[in-house]
Amino acid sequence: MSNQYITNKEQLLSNLVGYVESRELIAEREKIGSDFSEDKGKNTAEIAKLHPKRLNLEVTEIFQETPSTKTFRVRSARGALPPFQAGQYINLFVNIDGVETARPYAISSCPTHRDYYDLTVKIVKGGFVTNYLLNDVEVGQTFSATSPIGTFYYNPIIHGKKLVFLAGGSGGAPARAMIESVLSRGVDADFYLVYGNSFAEDVIFQDTFRALAQKHENFHVTEVISRPEEGYEGLTGYLTGELINEAVSGVDEVMFYVCGPTPFNDFCKSELKALGVADKRIRIECNGPPKNPSSIQNWPTEVSEEEMVTVKVRGKGEFKAQVGEPLLNSLERNGYFVENACRSGECSLCRVKLVEGEVFNPPEAKLRKSDETFGWVHSCVAFPTSDIEILY
């Protein structure tokens with residue numbers, strides 16, 4: 001750009017009303033102003049206070065919700081806990097017999113309670129962490145955890161005014177937080193809960209949901225039992241499209257929130273799709289890795305979940321792992337810690353680089369194109385189907 005052009009431009013701009021005065025004012029401010037170097041890091045420090053990377057929590061109360069479920073009320077010695085959106089979770093770190101691991105648990109209490117989080121845990125058959133929490137943890141025990149995270153929550157701007165939560169079993173935990181939050185704020189929306197459980201005596205927060213339905217005209221509950229005892233008079237079966245459509249009086253302009261075991265989520269999604277519900281109207285909270293990965297499409301048919309393979313961690317050692325166990329779980333059991341949060345393939349914190357060998361990535365892995373191109377996998381939902389070497 002020539003000097004003549006710059007001169008002509010300045011002359012032209014000088015004819016604009018207020019231009020010369022504004023330039024003089026800018027020059028004066030630059031003499032007495034600041035480059036804000038004295039405030040460097042201040043915003044980051046304030047954010048860390050409100051939403052620290054790690055929380056130190058103490059179990060202060062334990063509630064037996066159902067025969068299979070307990071709620072652990074946890075508090076921080078620092079007082080108020082970080083704010084959260086109803087539906088979010090924290091990742092709870094535990095040490096079980098020397099194994100450092102973690103599991104995400106939805107906060108089941110309403111966000112208006114800032115002095116505690118409620119974590120509602122349902123027993124899982126053979127579950128490593130759930131069995132420890134429900135059988136061994138007592139009041140006074142302390143844990144480390146992440147601050148609240150996750151994208152499964154109500155957005156008042158784009159989610160509309162007809163909200164439907166399809167919950168299965170432990171999916172009642174985020175449902176309770178979300179429903180209480182919406183109702184307590186007087187949101188102008190109709191909220192429906194269609195709640196599927198195996199047994200009538202094992203429905204988490206049953207009394208809470210029924211009481212809320214009695215109190216609020218815009219909240220409606222439908223309970224469905226899949227394994228009823230003889231004489232049970234309520235709805236039975238599964239959350240089919242026909243049942244959902246009838247329970248919520250049509251699916252037009254509905255925002256669906258789905259949370260439960262992976263098979264429950266998959267079934268609900270297929271039923272909603274059959275009803276013509278668009279993907280953008282279905283929000284699913286993943287709940288861990290698939291339980292039977294070999295049943296998923298594209299699993300190598302010649303490989304059994306029971307097979308053992310060798311996992312080599314470059315520069316650190318190697319160990320034997322079972323094909324049907326998520327790679328992250330195998331790493332933790334053998335003393336290798338990998339940062340993680342969701343354990344469902346979404347957050348990508350647990351990425352490791354696959355140097356050699358093959359792993360099976362289920363659809364919930366949500367790998368980015370760059371991950372696939374350069375060999376990164378989400379270890380929480382990656383299943384080693386051959387001897388592999390990884391780097392992290």
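Everything numeric in this text was worked out from a predicted model, so none of it was measured.
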After noting the C-alpha distance and the side-chain angles of Tyr117 and Phe84, does the key distance pass the ring-ring contact (aromatic ring centres under 6.0 Å, His included) rule?
CA-CA 10 Å; Tyr117 296 152; Phe84 67 97; 5.5 Å; yes

When rounded to the nearest 0.5 angstrom, what is the spacing between OG1 in Thr236 and CD in Glu229?
13.5 Å

Considering the options Arg281, Lys161, Lys162, which one meets the salt bridge (charged side-chain N to carboxylate O under 4.0 Å, His left out) requirement together with Glu253?
Arg281

Which distance, rounded to the nearest 0.5 Å, do you find between the CG of Asn340 and the CD of Glu332?
5.5 Å

Charged N-O contact under 4.0 Å between Lys291 and Glu305:
no

So side-chain hydrogen bond (donor to acceptor under 3.5 Å, both in side chains) across residues 349-365, not counting sequence neighbours, yields Arg351-Asp371

When the ring planes of Tyr116 and His113 are compared, do they come out parallel, tilted or perpendicular, using 30° and 60° as the limits?
parallel

So, does Asn218 use its side chain to make a donor-acceptor pair with the main chain of Ala189 at under 3.5 Å?
yes

Taking atom types as modelled, is there a side-chain donor on Ser344 or Glu346 under 3.5 Å from an acceptor on the other?
no

Close side-chain approach of Cys380 to Pro289, heavy-atom, < 4.5 Å
no

In sequence, state the C-alpha distance, the side-chain angles, and the governing distance for Glu242 and Thr240, and then conclude on side chain to side chain donor-acceptor pair (under 3.5 Å).
CA-CA 5 Å; Glu242 181 181 2; Thr240 63; 5.2 Å; no

Mind checking what makes salt bridge (charged side-chain N to carboxylate O under 4.0 Å, His left out) contact with Glu223, not counting sequence neighbours?
Arg210

Is a donor on one side and an acceptor on the other found under 3.5 Å between the side chain of Thr130 and the backbone of Val124?
yes

As an exercise, state the distance from OH of Tyr195 to CZ of Phe209, rounded to the nearest 0.5 Å.
6.0 Å

Examine distances only and state if a side-chain atom of Arg343 and a backbone atom of Pro104 form a donor-acceptor pair shorter than 3.5 Å.
no

If you round to the nearest 0.5 Å, how far is OG1 of Thr146 from CD of Gln88?
10.0 Å

Please find out if less than 6.0 Å separates the ring center of Phe319 from that of Tyr336.
yes

Going by the ring pair (Phe, Tyr, Trp, His ring centres under 6.0 Å) test, which pairs reach into residues 355-389, not counting sequence neighbours?
Trp299-Phe360

Can any side-chain N or O of Ser386 pair as donor or acceptor with the backbone N or O of Gly357 at less than 3.5 Å?
no

If you define the side chain from C-beta out and look only at heavy atoms, does anything of Pro148 sit under 4.5 Å from Gln85?
no

Separation between CZ of Arg176 and SG of Cys110, rounded to the nearest 0.5 Å:
9.0 Å

For Ile284, which fellow cluster members are found when Ile, Leu, Val, Met, Phe, Trp and Tyr are connected by side-chain heavy-atom distances below 4.5 angstrom, either directly or through intermediates?
Val164, Leu166, Tyr192, Val194, Val224, Leu235, Leu239, Leu243, Ile244, Val248, Val251, Val254, Phe256, Val258, Phe264, Leu272, Leu275, Val277, Ile282

Enter the distance from Glu61:CD to Phe72:CZ here, rounded to the nearest 0.5 Å.
12.5 Å

Sorted by chain and number, sequence neighbours left out, side-chain contact (heavy atoms from CB on, under 4.5 Å) with Phe199 holds for Glu201, Asp202, Arg227

How far apart are the closest heavy atoms of Asn265 and Cys259, and which atoms are they?
OD1-C, 3.5 Å

Ion pair present between Glu339 and Arg54, side-chain N to carboxylate O less than 4.0 angstrom?
yes

Transitively linked via ILVMFWY side-chain contacts under 4.5 Å: Leu349 with Leu367?
no

Can you list the other members of the hydrophobic cluster that holds Ile157, where links are side-chain heavy atoms under 4.5 angstrom apart?
Ile158

Between Glu318 and Thr310, a side-chain donor and acceptor under 3.5 Å:
no

When the ring centroid of Tyr257 is compared with that of His159, is the distance short of 6.0 Å?
yes

Do you reckon Tyr132 sits in the same ILVMFWY cluster as Tyr105, going by side-chain contacts under 4.5 Å, direct or chained?
yes

So, the side chain of Lys320 versus the backbone of Met308: is there a donor-acceptor pair under 3.5 Å, distance only?
no

